[in-house]
Amino acid sequence: MQYQGVLTKMQTEIGSPIQYYLVFESDFIHVNQLLNKKIHIEFKGYKCLACGENKKIFRQGYCYDDFYNQPQVGDWVMRPELSTAHLGIEDRDLDFEKKAQLQPHIVYLANSSNVKVGVTRKSQVPTRWIDQGAHEAVEIVEVPNRYLAGITEVALKEKVADKTNWRTMLKNEVVDKDLVAFKNDIKDLLPEEVKEYFVENQKETHLEFPVLRYPDKVKSLNLEKTPDYTGVLKGIKGQYLIFEDNTVFNVRNNEGYVVGITIN
């Protein structure tokens, strides 16, 4: 079977294991059904997720110009503490920023390679944890806007990492932690203005990924250097496809790339 389309991050459904879908303009692939099958990926060009032009992707699916003018990739996305919509101050598009920033946000602990702290919109739980390849997670606070979530994350970064070691996550070299106990240990680090939003008495969420075999070592597929690749799919974790030859492909990092996919 053959498919062609623009890559965007895989859509997911919670389950045991998690279900993954590659969605194109007029078709989709249920990726779980491709496990143990030979897949050929061919790089065919670019399509910026904003302007739709065949222009080289700069970051996050956008060409250079759109990366620096689209509101959905403002600095406040990666650094929530820079959010200003609650003050009525525009970054790139105040209406967009109000909708995105002035809604409930969760600050959480997740364990994918190590315990890390992160921020996500409440509506993105548990999708955000799935995308990070976390096998367990727990909410710390639920706050009414992105700014409060951001300053909470900054405060907690004194004691907790905010990055995932993606190679360790993909090799499944993870250590189970008691996240609830860890959460209670760092409660005193919360800024005063968010302490009232602390989430009490919540159990950990556990996530199961569809992986038949984890890689011994990790080789990352770069479509620009290797525009034709064929491999047997052995797993899906986070936003990565894991192949039998230890190659891994980060779908999200290749958003905006036009590919042909052939399944044998």
Side-chain angles (χ1 to χ4, degrees), residues 1-57 59-63 72 112 120 123-135 164 166 169-172 207-215 218-264:
M1 297 182 67
Q2 292 184 319
Y3 300 85
Q4 182 168 321
V6 184
L7 289 177
T8 55
K9 85 180 188 80
M10 289 182 284
Q11 296 186 19
T12 57
E13 287 180 348
I14 194 73
S16 296
I18 294 154
Q19 302 297 304
Y20 281 89
Y21 303 88
L22 269 173
V23 179
F24 300 128
E25 287 181 1
S26 57
D27 212 342
F28 73 92
I29 304 172
H30 186 189
V31 188
N32 298 59
Q33 295 180 353
L34 306 188
L35 290 169
N36 268 337
K37 293 186 178 180
K38 186 179 288 186
I39 301 170
H40 175 70
I41 303 172
E42 181 183 358
F43 172 49
K44 293 182 173 293
Y46 309 101
K47 186 175 181 180
C48 172
L49 299 185
C51 67
E53 297 293 324
N54 182 11
K55 295 165 67 174
K56 184 176 173 64
I57 299 302
R59 288 180 194 162
Q60 298 178 39
Y62 299 97
C63 67
Q72 58 267 37
S112 49
T120 189
S123 61
Q124 289 299 297
V125 171
T127 302
R128 177 64 173 156
W129 303 337
I130 294 171
D131 288 348
Q132 292 180 336
H135 63 280
T164 295
W166 62 274
M169 178 270 288
L170 288 171
K171 291 190 286 185
N172 205 39
L207 299 165
E208 178 189 348
F209 295 93
V211 180
L212 302 177
R213 185 178 72 80
Y214 288 98
V218 173
K219 300 183 296 182
S220 186
L221 174 61
N222 182 323
L223 288 180
E224 292 175 335
K225 294 179 179 177
T226 309
D228 277 277
Y229 170 78
T230 301
V232 176
L233 186 67
K234 283 294 181 180
I236 317 152
K237 190 176 185 185
Q239 281 288 322
Y240 286 86
L241 304 180
I242 301 170
F243 292 93
E244 190 171 43
D245 64 355
N246 292 324
T247 294
V248 299
F249 180 61
N250 187 336
V251 175
R252 191 166 199 175
N253 270 10
N254 288 275
E255 288 187 304
Y257 285 61
V258 180
V259 295
I261 296 177
T262 305
I263 302 158
N264 297 314

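Quick note: residue numbers are just sequence positions, from 1.
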- Task: Hey, can you tell me if Tyr46 and Tyr257 have their rings parallel, tilted or perpendicular (30° and 60° cut-offs)?
- Result: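 Judged by the thresholds at 30° and 60°, the geometry between Tyr46 and Tyr257 is perpendicular.
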Of all heavy-atom pairs between [X] and [Y], which one has the smallest distance, and what is that distance?
| X | Y | result |
| --- | --- | --- |
| Ser112 | His135 | CA-ND1, 4.3 Å |
| Ile242 | Pro215 | CG2-CD, 3.6 Å |
| Phe28 | Val23 | CB-CA, 4.1 Å |
| Leu49 | Gln60 | CD1-O, 4.2 Å |
| Pro210 | Pro17 | N-CB, 3.7 Å |

- Strictly by modelled atom types, are Lys234 and Asn36 linked by a side-chain donor-acceptor pair under 3.5 Å?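 A pair is found: one side chain offers a donor N or O, the other an acceptor, under 3.5 Å apart.
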Between [atom1] of [X] and [atom2] of [Y], what distance do you get to the nearest 0.5 Å?
| X | Y | atom1 | atom2 | answer |
| --- | --- | --- | --- | --- |
| Leu241 | Leu221 | CG | CG | 9.5 Å |
| Asn264 | Met1 | CG | CE | 11.5 Å |
| Met10 | Ile236 | CE | CD1 | 6.5 Å |
| Lys171 | Lys237 | NZ | NZ | 12.0 Å |
| Glu224 | Lys56 | CD | NZ | 3.5 Å |
| Thr230 | Glu42 | OG1 | CD | 9.5 Å |

- Query: Would you say the side chain of Asn246 lies within less than 4.5 Å of the side chain of Arg213, judging by non-hydrogen atoms?
  - Reply: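 The answer is yes, as the side chains (C-beta and beyond) meet within the 4.5 Å cut-off.
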- Item | Side chain to side chain, Phe209 and Asn172, heavy atoms closer than 4.5 Å |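 Of all side-chain heavy-atom pairs linking Asn172 with Phe209, none is under 4.5 Å.
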- How far apart are the C-alpha atoms of Leu7 and Leu22, what are their side-chain angles, what is the distance that settles it, and do they pass the side-chain contact (heavy atoms from CB on, under 4.5 Å) test? CA-CA 8 Å; Leu7 289 177; Leu22 269 173; 4.0 Å; yes
- Full working for side-chain contact (heavy atoms from CB on, under 4.5 Å) between Thr226 and Phe43: CA-CA 8 Å; Thr226 309; Phe43 172 49; over 6 Å; no
- Task: Could you go through the side-chain contact (heavy atoms from CB on, under 4.5 Å) check for Thr127 and Lys9 one step at a time?
- Result: CA-CA 11 Å; Thr127 302; Lys9 85 180 188 80; 3.7 Å; yes
Expected output: side-chain [X] to main-chain [Y] donor-acceptor under 3.5 Å:
| X | Y | value |
| --- | --- | --- |
| Lys55 | Cys48 | no |
| Lys219 | Asp245 | yes |
| Asp228 | His40 | no |

- Kindly check if the number of other-residue, nucleotide or ligand heavy atoms within 6.0 Å of OH (Tyr21) is above 12?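 Counting other residues, nucleotides and ligands, OH of Tyr21 exceeds 12 neighbours.
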- Around atom CD of Glu25, are there more than 12 heavy atoms of other residues, nucleotides or ligands at under 6.0 Å?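 Result for CD/Glu25: open.
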- Task: Could you pull out all residues at least two apart from Tyr229 that satisfy ring-ring contact (aromatic ring centres under 6.0 Å, His included)?
- Result: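 By the ring-ring contact (aromatic ring centres under 6.0 Å, His included) rule, Tyr229 matches Phe243.
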- Task: Using the test ring-ring contact (aromatic ring centres under 6.0 Å, His included), find all partners of Tyr20 that sit at least two apart in sequence or belong to another chain.
- Result: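 Tyr20: no ring-ring contact (aromatic ring centres under 6.0 Å, His included) contacts found.
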- Message: Go through it in stages, so that I can follow the logic: the residues are Leu233 and Leu212, the test is side-chain contact (heavy atoms from CB on, under 4.5 Å), and I'd like the CA-CA distance, side-chain angles, deciding distance and then a yes or no.
- Response: CA-CA 9 Å; Leu233 186 67; Leu212 302 177; over 6 Å; no
